[in-house]
Amino acid sequence: MKEMKERPEVFSPDSIALMFSNIEQIYRFQQNFLEALRLAIPKRRIADVFLDFQSSFMCYSQYCNSYPRALMELENFAGNKEAAAILER
């Protein structure tokens, strides 16, 4: 995604936002969730982690709801060799 942001002549900020939605928010959530699980496992408190993070899982709702639009946006680059080369990396 970094390379895409560095190439606004190929990928507009709006296109990137449509294709990746809130992926950075999901990434941060997953980092925090994983760390909490790692700390909870030795204490056998895994269920507590899920309960503590239950509302945070809603970030996936936005991502899933945006997925059909992301696919349509991605199709716009199907014939663009420069975009394809970046997307394949």
Side-chain angles (χ1 to χ4, degrees):
M1 191 162 73
K2 179 183 176 195
E3 187 175 354
M4 293 172 74
K5 288 181 178 181
E6 293 172 349
R7 301 293 305 275
E9 73 280 3
V10 179
F11 300 99
S12 72
D14 289 340
S15 289
I16 294 170
L18 280 171
M19 289 188 288
F20 290 97
S21 183
N22 63 327
I23 197 72
E24 290 173 337
Q25 177 188 11
I26 291 171
Y27 179 75
R28 286 188 305 274
F29 160 69
Q30 281 301 140
Q31 286 179 313
N32 295 331
F33 182 64
L34 179 59
E35 182 60 25
L37 282 174
R38 285 183 176 142
L39 296 172
I41 288 172
K43 301 174 189 173
R44 298 180 184 221
R45 305 295 299 188
I46 296 170
D48 290 338
V49 175
F50 277 89
L51 292 173
D52 291 344
F53 281 83
Q54 69 182 1
S55 64
S56 298
F57 279 96
M58 289 304 295
C59 64
Y60 286 101
S61 178
Q62 179 183 342
Y63 184 83
C64 291
N65 288 333
S66 299
Y67 187 72
R69 286 180 296 196
L71 288 180
M72 290 188 327
E73 185 66 21
L74 191 57
E75 287 176 9
N76 291 333
F77 297 100
N80 184 325
K81 290 182 182 181
E82 192 173 5
I86 294 169
L87 290 168
E88 289 175 1
R89 292 182 198 154

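- Between Leu18 and Ala70, the closest heavy-atom pair is O-CB, 3.3 Å.
- Among pairs with a residue in residues 8-24, those fulfilling salt bridge (charged side-chain N to carboxylate O under 4.0 Å, His left out) read Lys5-Glu24, Arg7-Glu9, at least two apart in sequence or across chains.
- Both Ile26 and Phe50 sit in one connected hydrophobic cluster of ILVMFWY residues. Membership requires side-chain heavy atoms under 4.5 Å apart, directly or through other members.
- For Ser12, the side-chain hydrogen bond (donor to acceptor under 3.5 Å, both in side chains) criterion is met by Ser15, not counting sequence neighbours.
- In the hydrophobic clustering of this structure, Leu34 does not group with Ile23; members are Ile, Leu, Val, Met, Phe, Trp, Tyr whose side-chain heavy atoms approach within less than 4.5 Å, directly or through other members.
- Heavy-atom minimum distance, Cys64 versus Pro68: O-CD, 3.7 Å.
- Atoms CD and CD, from Gln62 and Gln25 in turn, are 6.0 Å apart once rounded to the nearest 0.5 Å.
- With hydrogens and angles ignored, the 3.5 Å screen pairs a side-chain donor or acceptor of Asn22 with a backbone N or O of Cys59.
- Expressed to the nearest 0.5 Å, how far CG of Leu87 lies from CD of Glu3 amounts to 9.5 Å.
- Residue pairs that meet the side-chain hydrogen bond (donor to acceptor under 3.5 Å, both in side chains) test with at least one member in residues 34-45, sequence neighbours left out, are Arg45-Asp48.
- Here the CG-CZ distance, from Leu71 to Arg69, works out to 11.5 Å after rounding to the nearest 0.5 Å.
- The distance from atom CG of Leu37 to atom CD1 of Ile46, rounded to the nearest 0.5 Å, is 6.5 Å.
- Considering CD of Glu6 and CE of Met4, their distance stands at 11.5 Å, rounded to 0.5 Å.
- Met72 belongs to no hydrophobic cluster, as no Ile, Leu, Val, Met, Phe, Trp or Tyr side chain comes under 4.5 Å of its own.
- For residues 54-89, the set of pairs meeting the ring pair (Phe, Tyr, Trp, His ring centres under 6.0 Å) definition, not counting sequence neighbours, comprises Phe11-Phe77, Phe29-Phe57, Phe33-Phe57.
- For Ser55, there are no side chain to side chain contact (heavy atoms under 4.5 Å, CB included) partners, not counting sequence neighbours.
- In this structure, Leu39 is not a member of the same hydrophobic cluster as Val49, with clusters built from ILVMFWY side-chain heavy atoms closer than 4.5 Å.
- Connection of Phe53 to Tyr27 is not established within any shared hydrophobic cluster, with ILVMFWY side chains joined at heavy-atom distances below 4.5 Å, either directly or through further cluster members.
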